[in-house]
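Quick caveat: nothing in here was measured; it's all calculated off a predicted structure.
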Amino acid sequence: MNRPNSQIYSDYTDEDFRVWKILFDRQMDILSQTVSRNYLDALKIVHFRNDKIPDFNEVNSTLNDLTGWNLHVVPNISPQKEFFKYLSEKKFTATCWLRSFEQLDYIEEPDMFHDVFAHVPLLSNTAYCNFFKGISDIALEHIDDPKAIELLGRIYWFTIEFGLIRENDKLKIYGAGIISSNGETKHCLSNECEKLNFDVNKIMSTDFRTDILQDKYFVIDSFDQLYNALPEIRKLVINN
């Protein structure tokens, strides 16, 4: 199936709007009590709502004013070098196509709901963005070193995609892979998985699978903690 490499808003169908609304409402029913306050605040900042598929031009205008970030449309998952290059330029690669009704519960490749609903709101948060860009800069420095990219991939996976955060002594969600997944949202705060304090060494020595619900999650205290860990991350990558 051909995927668009630019967003033409008038091309969205009635089914697209219905799918967006169903996914948005279903996730927010759970996330309203379980997701980080940072994300809930950011959702309002970028003006996401259930009855309107985000217009990338409007989103870019908002993000650019706040953090200097923008969305860059891609048809599918970007190759690693391209992905990190754009991130280092404060450009988040995002698809602009939506899954079908038949794919509401599972889709093999990330669509706009994952890329945009889950990732984009926190691009309005300066501390989060500083960490995001920081790990991308490190990745570009070592893009031809498979071991270094593997280690950074683990950092990315257990923070940006599947991270948890403490807020008022409660565990909350901030990872995009959780935010866009109904099953992962219900699973991650249950007693069926392990929660570990954020530890760069531990994360870099922890494997993960992409085809199952996660069995462990790492917990941060703040996005500043992530940003402040960048020197340690760089050092460990160099010494791998």
Side-chain angles (χ1 to χ4, degrees), residues 3-9 20 24 27 31 35-49 52-98 110-141 143 149 152-153 155-163 165 172-180 220 222-230 233-234:
R3 305 298 192 189
N5 55 15
S6 63
Q7 187 188 47
I8 303 174
Y9 203 85
W20 176 267
F24 189 105
Q27 282 305 99
L31 292 173
V35 79
S36 168
R37 171 53 58 184
N38 291 291
Y39 177 84
L40 291 176
D41 291 343
L43 203 64
K44 296 176 182 177
I45 290 171
V46 295
H47 310 296
F48 282 9
R49 59 181 200 259
K52 184 178 186 295
I53 294 172
D55 184 317
F56 286 14
N57 288 329
E58 295 174 1
V59 174
N60 283 343
S61 178
T62 298
L63 292 180
N64 191 59
D65 288 344
L66 291 169
T67 59
W69 280 68
N70 285 276
L71 303 183
H72 178 81
V73 178
V74 292
N76 300 292
I77 297 174
S78 298
Q80 284 182 337
K81 189 170 186 176
E82 178 182 273
F83 176 70
F84 287 121
K85 177 179 181 296
Y86 279 122
L87 287 179
S88 70
E89 297 171 354
K90 299 186 178 182
K91 296 176 182 177
F92 181 73
T93 55
T95 54
C96 62
W97 56 272
L98 276 163
D111 71 339
M112 179 183 178
F113 189 73
H114 170 75
D115 289 345
V116 178
F117 176 83
H119 276 286
V120 169
L122 284 176
L123 294 179
S124 66
N125 182 293
T126 300
Y128 177 91
C129 285
N130 287 342
F131 170 70
F132 210 171
K133 184 179 186 305
I135 59 172
S136 304
D137 291 342
I138 297 171
L140 275 186
E141 294 169 10
I143 198 64
I149 296 303
L152 288 168
I155 295 290
Y156 186 94
W157 185 263
F158 287 113
T159 58
I160 298 295
E161 291 291 353
F162 289 93
I165 186 171
K172 299 290 184 176
I173 297 162
Y174 77 90
I178 308 173
I179 288 173
S180 64
I220 63 171
S222 68
F223 293 144
D224 285 330
Q225 182 183 17
L226 288 179
Y227 177 72
N228 292 334
L230 286 172
I233 293 171
R234 174 176 273 106

Separation between NE2 of His47 and CG of Asp55, rounded to the nearest 0.5 Å: 12.0 Å
Considering all heavy atoms, the nearest Tyr39-Pro121 contact: CE1-CG, 3.6 Å
Non-neighbouring partners of Tyr174 that pass ring-ring contact (aromatic ring centres under 6.0 Å, His included), sequence neighbours left out: Phe223
Straight-line distance of Thr93 OG1 to Leu87 CG, nearest 0.5 Å: 6.0 Å
Those residues that, when tested against Ser61, pass side-chain contact (heavy atoms from CB on, under 4.5 Å) (two or more places apart): Asp65
Set of residues satisfying salt bridge (charged side-chain N to carboxylate O under 4.0 Å, His left out) with respect to Lys44, sequence neighbours excluded: none
Partners passing ring-ring contact (aromatic ring centres under 6.0 Å, His included) against Phe92 (at least two apart in sequence or in another chain): His119
Short side-chain to backbone donor-acceptor contact, Trp20 and Arg49, under 3.5 Å: yes
Donor-acceptor pair, side chain of Asn60 and main chain of Leu71, under 3.5 angstrom: yes
Inter-residue atom distance Asn70.CG - Thr62.OG1, 0.5 Å rounding: 10.5 Å
Smallest separation among heavy atoms of Ser36 and Ile165, with atom names: CB-CG2, 3.8 Å
Spatial distance of atom OG (Ser180) from atom CD (Glu161) [nearest 0.5 Å]: 7.5 Å
Donor-acceptor under 3.5 Å (Asn228 side chain, Asp224 main chain): yes
Sole residue of Leu63, Val59, Val46 in side-chain contact (heavy atoms from CB on, under 4.5 Å) with Leu123: Leu63
Any residue meeting salt bridge (charged side-chain N to carboxylate O under 4.0 Å, His left out) with Asp115, in chain and number order, not counting sequence neighbours: none
Atom pair CD1 (Ile138) and CD1 (Ile155), whose distance is rounded to the nearest 0.5 Å: 9.0 Å
Pro110: which of Val116, Thr95, Ile77 passes side-chain contact (heavy atoms from CB on, under 4.5 Å): Ile77
Sequence-distant partners of Phe56, ring-ring contact (aromatic ring centres under 6.0 Å, His included), two or more places apart: none
side-chain hydrogen bond (donor to acceptor under 3.5 Å, both in side chains) involving Gln225 - partner list, sequence neighbours excluded: none
Side-chain (Trp157) to main-chain (Phe162) donor-acceptor, under 3.5 angstrom: no
Side chain to side chain, Val35 and Ile178, heavy atoms closer than 4.5 Å: no
Check: Ile160 and Phe131 side chains under 4.5 Å, non-hydrogen atoms: yes
Side chain to side chain, Ile135 and Leu230, heavy atoms closer than 4.5 Å: yes
Ring centers of Tyr156, Phe84 separated by less than 6.0 Å: no
Exceeds 12 heavy-atom contacts within 6.0 angstrom, atom CZ of Phe83: yes
Contact summary for Ala118 and Ile179, nearest pair of heavy atoms: CA-CG2, 3.8 Å
Pairs flagged by salt bridge (Lys or Arg N to Asp or Glu O under 4.0 Å) wherever residues 124-138 is involved - sequence neighbours left out: Lys133-Asp137
Any residue meeting salt bridge (charged side-chain N to carboxylate O under 4.0 Å, His left out) with Glu89, in chain and number order, not counting sequence neighbours: Lys85, Lys91
With sequence neighbours excluded, residues passing salt bridge (charged side-chain N to carboxylate O under 4.0 Å, His left out) with Asp41: Arg37
Interatomic spacing from OG in Ser136 to CD1 in Ile143 - rounded to 0.5 Å: 9.5 Å
Check: Trp69 and Thr126 side chains under 4.5 Å, non-hydrogen atoms: no
Check: Ala139 main-chain N/O paired with Gln80 side-chain donor or acceptor under 3.5 Å: no
Under the ring-ring contact (aromatic ring centres under 6.0 Å, His included) test, residues paired with Phe48 that sit two or more places apart: none
Partners passing side-chain hydrogen bond (donor to acceptor under 3.5 Å, both in side chains) against Lys52 (at least two apart in sequence or in another chain): Glu58
